[in-house]
Visitor: 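For reference, the structure I am asking about is given below.
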Amino acid sequence: MSTDQDLQTDGLLPDGLLTHPYAVYDRLRDTAPVHRVTGPDGSPAWLVTRYDDVREALVNPLLSLDKRHALPGGYKGFALPPALDANLLNMDPPDHTRIRRLVGRAFTTRRVEQLRAPIRRTADRLLDALGTNGGPHGSTDLIAAYAAPLPITVICDLLGVPDGHRRDFRAWTDVLVAPDPARPQAAKEAVVAMLGFFTQLLADKRKEPADDLLSDLIAVRDESGSAGSDHAGSDRTGSDRLTEDELMSLAFLILFAGYENTVQLIGTAVLALLQHPDQLAALRADPSRLPAAVEEFVRYDGPALLAIRRFPREDVTIGDVTVPAGETVLLSLAAANRDPRRFPDADRFDLGRDAGGHLALGHGIHYCLGAPLARLETEIALAALLERLPDLQLDGDPGDLRWRPSLRARGLLTLPVTY
């Protein structure tokens, strides 16, 4: 894996892509519908930036997520071992349909709503700690103290991950999302550690099942018996089967995505409110607007700059550009969500806007499985902050804020605040 700082367009490195991506995407979107780029690992790809093109591409069955359709030498995304790579981000139907059906039951709006009270208790506990540590007034890094521990606690509780491993998982995830060029072995070491972690976790759950999602998925896998192969992609005789690689990869994906996307969304949502006091005041005056506000948060500055890469099964035309079969296509969700052709005055943060139709969480069969949970966590996290920290403010110059050096997940490294 290499740093995402290698991304180029038409042979030129866009200034500010990692710190000010929207200005760069505005320029690219206005210049052409599709750009030839150098991907995060230095290999070639095609970047799509306009709303209509991105939305259509997200549901185009000719654009495959399966790496077997990729040409040699193109950008393929994370380099993971098979036991972590057999997940929904690399699958097309029918395997994608089969696995999504199995796990989708845990992420329906009704099931997720049952988590409201536990999530609020977690938020209150984290805010209680701020009061204990700093008295009624203080300062903190809101990412480390609140935005990060909240979603990792929620998703680990859902899966049944023991408390002692949660900090390690956060560290491994950070390394994978934003690799440090000064530590080229760190990403490989994180993958090895995660593989060992999930191997042991599955073994422990098999010995002592509990009332959690991972135990349920293990039961589905083990009850389907040996009729399925232990290798992803093998022939299957049933519609509700998991291979061992699929089971481990699914656990990895749920934990990884369930933490990573939500921590970034909470952080950028709080920042947007603190930088727009009028919008913050309006939300404080009417907290019932929070569910609708979450849609503007994800449209305005969502956690995913790019959708998972696609590979054309055959030559495909996007905009006015023909992309050859097997080459890599990158769909910019961030650029699409700021396209003024779809959202008037798109660079303006406006909680009164109808943000419906945004693509921050995807579109079509690959729409984010955990979207109901991410929405609920963000809503509750912000509701608790609005209630309990009425004088929340940025601590320092907004220009000094540091962002992750990554195109995989847009997020703040820290968010210093006073309260």
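Side chains are part of it too, since the values below use all heavy atoms of this structure and drop only hydrogens, waters and symmetry mates.
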Visitor: When you measure from the side chain of Thr122 to the backbone N and O of Pro118, does any donor-acceptor pair fall under 3.5 Å?
Guide: yes
Visitor: Are there over 12 heavy-atom neighbours, none belonging to Arg167, within less than 6.0 Å of that residue's CZ?
Guide: no
Visitor: Over 60° means perpendicular and under 30° means parallel, so tell me whether His276 and Phe349 are parallel, tilted or perpendicular.
Guide: tilted
Visitor: Under 3.5 Å, which donor-acceptor pairs link side chains of residues 52-63 to any protein atom two or more places apart or in another chain?
Guide:
residue, atom, partner, partner atom, Å
Asn60, OD1, Leu62, N, 2.9

Visitor: Counting only pairs under 3.5 Å, give me each side-chain donor-acceptor contact of residues 355-376, with atom names and distances, residues two or more places apart or in other chains.
Guide:
residue, atom, partner, partner atom, Å
His358, ND1, Ala360, N, 3.2
His358, NE2, Glu295, OE1, 2.7
His366, ND1, His96, NE2, 3.1
Tyr367, OH, Arg375, NH1, 3.1
Tyr367, OH, Arg375, NH2, 3.0
Arg375, NE, Glu295, OE2, 2.6
Arg375, NH2, Glu295, OE1, 3.1

Visitor: Looking at Arg338 and Tyr300, would you say the former's side chain and the latter's main chain have a donor-acceptor pair under 3.5 Å?
Guide: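 Indeed, once roles are kept as given, a pair shorter than 3.5 Å links the two residues.
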Visitor: Got a sec: does the CG of Asp211 have more than 12 other heavy atoms crowding it under 6.0 Å?
Guide: no
Visitor: Going through the checks in order, is the salt bridge (charged side-chain N to carboxylate O under 4.0 Å, His left out) test met by Arg353 and Asp345?
Guide: CA-CA 10 Å; Arg353 176 198 305 277; Asp345 200 6; 5.7 Å; no
Visitor: Val175 and Ala190: which non-hydrogen atoms are nearest, and at how many Å?
Guide: CG1-CB, 4.1 Å
Visitor: Give the minimum heavy-atom separation between Leu382 and Ala269, together with the two atoms involved.
Guide: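 Smallest heavy-atom distance, with atoms named: CD1-CB, 4.0 Å.
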Visitor: Under a 4.5 Å cut-off applied to non-hydrogen side-chain atoms, are Leu130 and Tyr146 in contact?
Guide: no
Visitor: So, does Ser249 use its side chain to make a donor-acceptor pair with the main chain of Ala86 at under 3.5 Å?
Guide: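 Yes; judged by distance alone, with no hydrogens or angles, the pair exists.
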Visitor: Checking salt bridge (charged side-chain N to carboxylate O under 4.0 Å, His left out) against Arg120, which of Glu377, Glu387, Glu379 comes through?
Guide: Glu387
Visitor: Do side-chain atoms of Lys205 reach the backbone of Asp212 as a donor and acceptor pair under 3.5 angstrom?
Guide: no
Visitor: Walk me through it: do Thr268 and Phe297 pass the test side-chain contact (heavy atoms from CB on, under 4.5 Å)?
Guide: CA-CA 8 Å; Thr268 55; Phe297 292 134; over 6 Å; no
Visitor: Do Val103 and Leu253 come within less than 4.5 Å of each other through their side chains, counting heavy atoms only?
Guide: no
Visitor: Evaluate the criterion salt bridge (charged side-chain N to carboxylate O under 4.0 Å, His left out) for residue pair Arg110 and Glu113; output intermediate values, then yes/no.
Guide: CA-CA 5 Å; Arg110 183 183 63 82; Glu113 185 63 29; over 6 Å; no
Visitor: Are any of the side-chain heavy atoms of Thr328 and Pro44 separated by less than 4.5 Å?
Guide: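 Of all side-chain heavy-atom pairs linking Pro44 with Thr328, none is under 4.5 Å.
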Visitor: If the condition is side chain to side chain donor-acceptor pair (under 3.5 Å), which residues does Glu260 pass it with, not counting sequence neighbours?
Guide: Gln264, Arg404
Visitor: Compare every heavy atom of Asp66 with every heavy atom of Phe311, then report the nearest pair and how far apart it is.
Guide: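 Shortest heavy-atom separation between Phe311 and Asp66 comes out as CD1-O, 3.4 Å.
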Visitor: Please examine the side chains of Ile254 and Leu214, heavy atoms only from C-beta on, and report whether any two atoms are closer than 4.5 Å.
Guide: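 The answer is no; the side chains never approach within 4.5 Å.
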Visitor: Is the side chain of Ser215 donor-acceptor paired with the backbone N or O of Ala210 at a distance under 3.5 Å, no angle test?
Guide: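 Looks like yes, one N/O pair under 3.5 Å.
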Visitor: So, do Met91 and Leu89 sit near enough that their side-chain heavy atoms are less than 4.5 Å apart?
Guide: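 No, side chains not in contact.
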Visitor: Taking atom types as modelled, is there a side-chain donor on Asp141 or Thr414 under 3.5 Å from an acceptor on the other?
Guide: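 No, because no side-chain N or O of Asp141 sits under 3.5 Å from a partner of the opposite role on Thr414.
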Visitor: Counting only heavy atoms not in Gln114 (residues, nucleotides, ligands), do more than 12 fall under 6.0 Å from its CD?
Guide: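 More than 12 within 6.0 Å, yes.
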Visitor: For the CG atom of Leu195 and the CG atom of Leu80, what is their distance to the nearest 0.5 Å?
Guide: 9.5 Å
Visitor: Kindly indicate, with the supporting measurements, whether the criterion side-chain contact (heavy atoms from CB on, under 4.5 Å) is fulfilled by Leu150 and Thr262.
Guide: CA-CA 9 Å; Leu150 176 61; Thr262 309; over 6 Å; no
Visitor: Only one of Phe252, Phe256, Trp172 clears ring-ring contact (aromatic ring centres under 6.0 Å, His included) with Phe197; which?
Guide: Trp172
Visitor: Under the side-chain contact (heavy atoms from CB on, under 4.5 Å) criterion, do Asp157 and Val154 qualify, and how do the steps go?
Guide: CA-CA 5 Å; Asp157 285 347; Val154 172; 6.0 Å; no
Visitor: With salt bridge (charged side-chain N to carboxylate O under 4.0 Å, His left out) as the criterion, how do Arg125 and Asp128 come out once you've worked through the C-alpha distance, each side chain's angles and the decisive distance to 0.1 Å?
Guide: CA-CA 5 Å; Arg125 177 176 55 78; Asp128 287 344; over 6 Å; no
Visitor: Decide side-chain contact (heavy atoms from CB on, under 4.5 Å) for Asp85 and Asp245; before the verdict, give the C-alpha distance in whole Å, the side-chain angles of both, and the deciding distance to 0.1 Å.
Guide: CA-CA 8 Å; Asp85 211 35; Asp245 282 355; over 6 Å; no
Visitor: Closest approach of Pro149 and Ile143, non-hydrogen atoms and distance?
Guide: CD-O, 3.6 Å
Visitor: When you compare the side chain of Leu126 with that of Thr153, does any pair of heavy atoms fall below 4.5 Å?
Guide: no
Visitor: On a heavy-atom basis, which atom in Ala293 and which in Leu283 lie closest, and how many Å separate them?
Guide: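 Minimum heavy-atom contact is CB-CD1, 4.2 Å.
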Visitor: Output yes when a side-chain donor or acceptor of Arg410 lies under 3.5 Å from a complementary backbone atom of Trp403, and no otherwise.
Guide: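 Not at all, since once roles are kept as given, no pair shorter than 3.5 Å links the two residues.
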Visitor: Does Tyr259 reach the side chain of Thr173, with side-chain heavy atoms less than 4.5 Å apart?
Guide: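 Touching, per the 4.5 Å side-chain cut-off.
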Visitor: Identify the two heavy atoms, one from His35 and one from Leu28, that lie closest to each other, and give their separation to 0.1 Å.
Guide: NE2-O, 2.8 Å
Visitor: Do the side chain of Arg299 and the main chain of Ala346 share a donor and acceptor less than 3.5 angstrom apart?
Guide: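 Yes, Arg299 side chain to Ala346 backbone: donor-acceptor pair under 3.5 Å.
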Visitor: List the residues meeting salt bridge (Lys or Arg N to Asp or Glu O under 4.0 Å) with Asp350, not counting sequence neighbours, and say none if there are none.
Guide: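 Partners of Asp350 under the salt bridge (Lys or Arg N to Asp or Glu O under 4.0 Å) test: Arg348.
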Visitor: Run the side chain to side chain donor-acceptor pair (under 3.5 Å) test against Asn337 and tell me which residues pass, sequence neighbours left out.
Guide: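 None.
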Visitor: Would you verify whether the NZ or CZ of Arg27 falls within 45 degrees of the ring axis of Tyr22 while also being under 6.0 Å from that six-membered ring's centre?
Guide: no
Visitor: Using modelled atom types and a 3.5 Å cut-off, is there a donor and acceptor pairing between side-chain atoms of Arg166 and backbone atoms of Val161?
Guide: yes
Visitor: Once rounded to the nearest 0.5 Å, what's the spacing between atom CG of Leu290 and atom OG1 of Thr378?
Guide: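 Between Leu290 CG and Thr378 OG1, I get 10.0 Å after rounding to 0.5 Å.
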Visitor: Does any part of the side chain of Arg206, heavy atoms only, come nearer than 4.5 Å to the side chain of Arg221, both counted from C-beta?
Guide: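 Touching, per the 4.5 Å side-chain cut-off.
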Visitor: Sequence neighbours left out, what passes side chain to side chain donor-acceptor pair (under 3.5 Å) with Arg284? Give chain and number order.
Guide: none
Visitor: Donor-acceptor check, side chain of Tyr419 to backbone of Thr140, threshold 3.5 angstrom: yes or no?
Guide: no
Visitor: Working to the nearest 0.5 Å, report the span between CG of Leu271 and CG of Leu415.
Guide: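 It comes to 6.0 Å.
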Visitor: Tell me if a side-chain donor or acceptor on Arg309 pairs with a main-chain N or O of Leu330 at a distance below 3.5 Å.
Guide: no
